[in-house]
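Structure record follows, encoded as structure tokens.
In each ligand, atom 1 is the first atom listed, and ligand 1 is the first ligand listed. Predicted model, so just to flag it, every value in this text is computed and none were measured.
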Amino acid sequence: MSRVFNFSAGPAALPLEVLETAQRELLDYRGTGMSVMEMSHRSKAFIEIAESATADLKALLEIPDDYQLLFLQGGATTQFAMVPMNLLQDRTTADYVNTGSWSKKAIAEAGRFCSVNVVASGEDRNFSYIPDVDGWSLNPDAAYLHICSNETIGGVQFQDFPDASAPLVADMSSDILSRPLDVSRFALIYAGAQKNIGPAGLTVVIVRKDLLGRARAGTPSMLDYAVHAEAGSMSNTPPTYAWYLAGLVFQWLKARGGLDAIAATNRRKSSKLYDAVDQSNFYQCPVEPSVRSSMNVPFTLADDALDAAFLSGAETRGLTNLKGHRSVGGMRASIYNAVPEAAVDALVDYMGEFERDNG
Ligand SMILES: *Cc1c(COP(=O)(O)O)cnc(C)c1O
């Protein structure tokens with residue numbers, strides 16, 4: 001077996017220990033004689049899996065009791081619609097901060113349901129910064145304020161969250177569980193699983209309970225948070241295997257000391273990479289230092305004619321999925337929780353070597 005260092009933006013690397021546990025339990029889950037994939041979501045064994053995953057996530061994020069945790073399908077993209085459908089209530093407008101590609105998609109979808117007030121945008125500088133909160137044009141009539149805590153493509157990440165009077169909603173798909181979080185500052189948090197939680201097909205929603213049960217008229221029941229809350233996320237068949245794997249990831253995080261410990265590791269990993277970029281004239285990071293993401297690190301080479309050689313050299317060293325998004329160019333190293341520090345060390349070594357040979 002040979003495993004690569006996988007810098008994929010998503011679906012992304014999973015902890016090796018989690019995959020090994022899943023492999024051991026694949027054919028006969030703890031004496032049930034069947035795989036988790038083959039068991040009823042109503043079975044005792046699966047209910048236990050679901051309940052312990054829920055309890056572990058609650059513990060990791062210290063989610064207060066007045067919040068509901070939901071394990072849904074449809075990806076973060078479905079949340080772009082579910083948020084306005086459930087949270088607009090009697091309002092007709094919502095505030096959105098436009099910090100990058102994912103914010104833009106959320107804004108476009110919300111525009112199908114209400115008038116969107118873009119309070120600030122980083123688009124004038126190709127999303128390399130987050131406009132200062134003092135300059136945001138918040139609307140007092142907004143039903144909520146939406147942010148994307150970490151822009152997976154541009155690599156900008158909120159370091160502090162805004163204090164707004166409107167309920168704060170955050171797309172945390174690519175940085176949930178990367179650092180401690182004060183959930184009580186948010187009305188709703190959502191995240192597709194395939195970056196920092198588990199495999200694709202699962203979406204986690206954390207919503208304050210008083211916001212449930214007020215979906216707009218005509219909302220399909222599958223898009224109504226209250227329906228899922230009422231049914232314990234089993235209003236229909238949930239993505240059972242993804243939920244099980246997410247539970248293994250939560251146990252893995254707990255065993256590693258929880259979010260304080262993983263945040264320290266993430267800071268060390270991202271600093272190594274940004275330092276390597278900043279200490280060289282050959283590599284550059286387009287993102288303003290104060291908002292650089294600890295999860296997605298975009299960087300460019302001095303000459304983009306060398307991109308292909310950089311990527312193929314990386315590939316031969318087992319460093320994969322480093323090609324940047326076309327909107328930014330160059331490279332992007334996604335270094336989520338499950339990407340080991342050794343992967344970052346190997347990348348930094350390779351970058352130094354490539355610069356010596358080509359710089
Ligand atoms: C990946 C991603 C999405 C889209 O998630 P899907 O599960 O593909 O719908 C949305 N927002 C952010 C920040 C992402 O990283």
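- With a heavy-atom cut-off of 4.0 Å, Ala200 does not touch ligand 1 at all.
- Note that CG of Leu57 and OG1 of Thr54 are 7.5 Å apart. Values are rounded to the nearest 0.5 Å.
- Not a single heavy atom of Thr78 sits closer than 4.0 Å to an atom of ligand 1.
- The protein atom (non-hydrogen) at minimum distance from atom 8 (O) of ligand 1 is Gln194 NE2, 3.5 Å.
- Using a 4.5 Å cut-off on side-chain heavy atoms (C-beta onward), Ser293 and Tyr274 make contact.
- Heavy atoms only, all atoms of each residue included: Gln159 and Ser290 are closest at CG-O, 3.2 Å.
- Inclusion of Ala76 in the set of residues having an N or O under 3.5 Å from an N or O of ligand 1 is warranted.
- Looking only at heavy atoms of the protein, atom 10 (C) of ligand 1 is closest to Trp102 CE3, 3.3 Å.
- Given atom 15 (O) of ligand 1, the protein heavy atom at minimum distance is Thr152 OG1, 2.5 Å.
- Neither the backbone nor the side chain of Met172 comes within contact range of ligand 1; no heavy atom lies under 4.0 Å.
- With a 6.0 Å radius and a threshold of 12 heavy atoms from other residues, nucleotides or ligands, Glu230 has its CD atom at or below the threshold.
- Neither the backbone nor the side chain of Lys105 comes within 4.0 Å of ligand 1, counting heavy atoms alone.
- Open room surrounds CD on Gln284; 12 or fewer heavy atoms of other groups in view lie less than 6.0 Å from it.
- Protein heavy atom closest to atom 11 (N) of ligand 1, with residue, atom name and distance, is Asp171 OD2, 2.6 Å.
- Under a 4.0 angstrom heavy-atom cut-off, Cys148 registers as being in contact with ligand 1.
- With a 4.0 Å cut-off on non-hydrogen atoms, Asn150 touches ligand 1 through its backbone and not its side chain.
- The closest heavy-atom contact to atom 1 (C) of ligand 1, among the options Gln79, Lys195, Met295, comes from Lys195.
- Atom-to-atom distance recorded for Met82:CE and Asp224:CG is 7.5 Å, nearest 0.5 angstrom.
- Counting atoms of ligand 1 from 1 in the listed order, those under 4.0 Å from a heavy atom of Thr77 are 4 (C), 6 (P), 9 (O).
- Here is the list of ligand 1 atoms found below 4.0 Å of a heavy atom in Gly75: 7 (O), 9 (O).
- Counting non-hydrogen atoms of other residues, nucleotides and ligands closer than 6.0 Å to NZ of Lys272 gives a total above 12.
- A perpendicular orientation is assigned to the rings of Trp136 and Phe158, their planes being inclined by more than 60° (bins at 30° and 60°).
- Note on Arg216 versus Asp90: no salt bridge recorded, every NZ/NE/NH1/NH2 to OD/OE distance being 4.0 Å or above.
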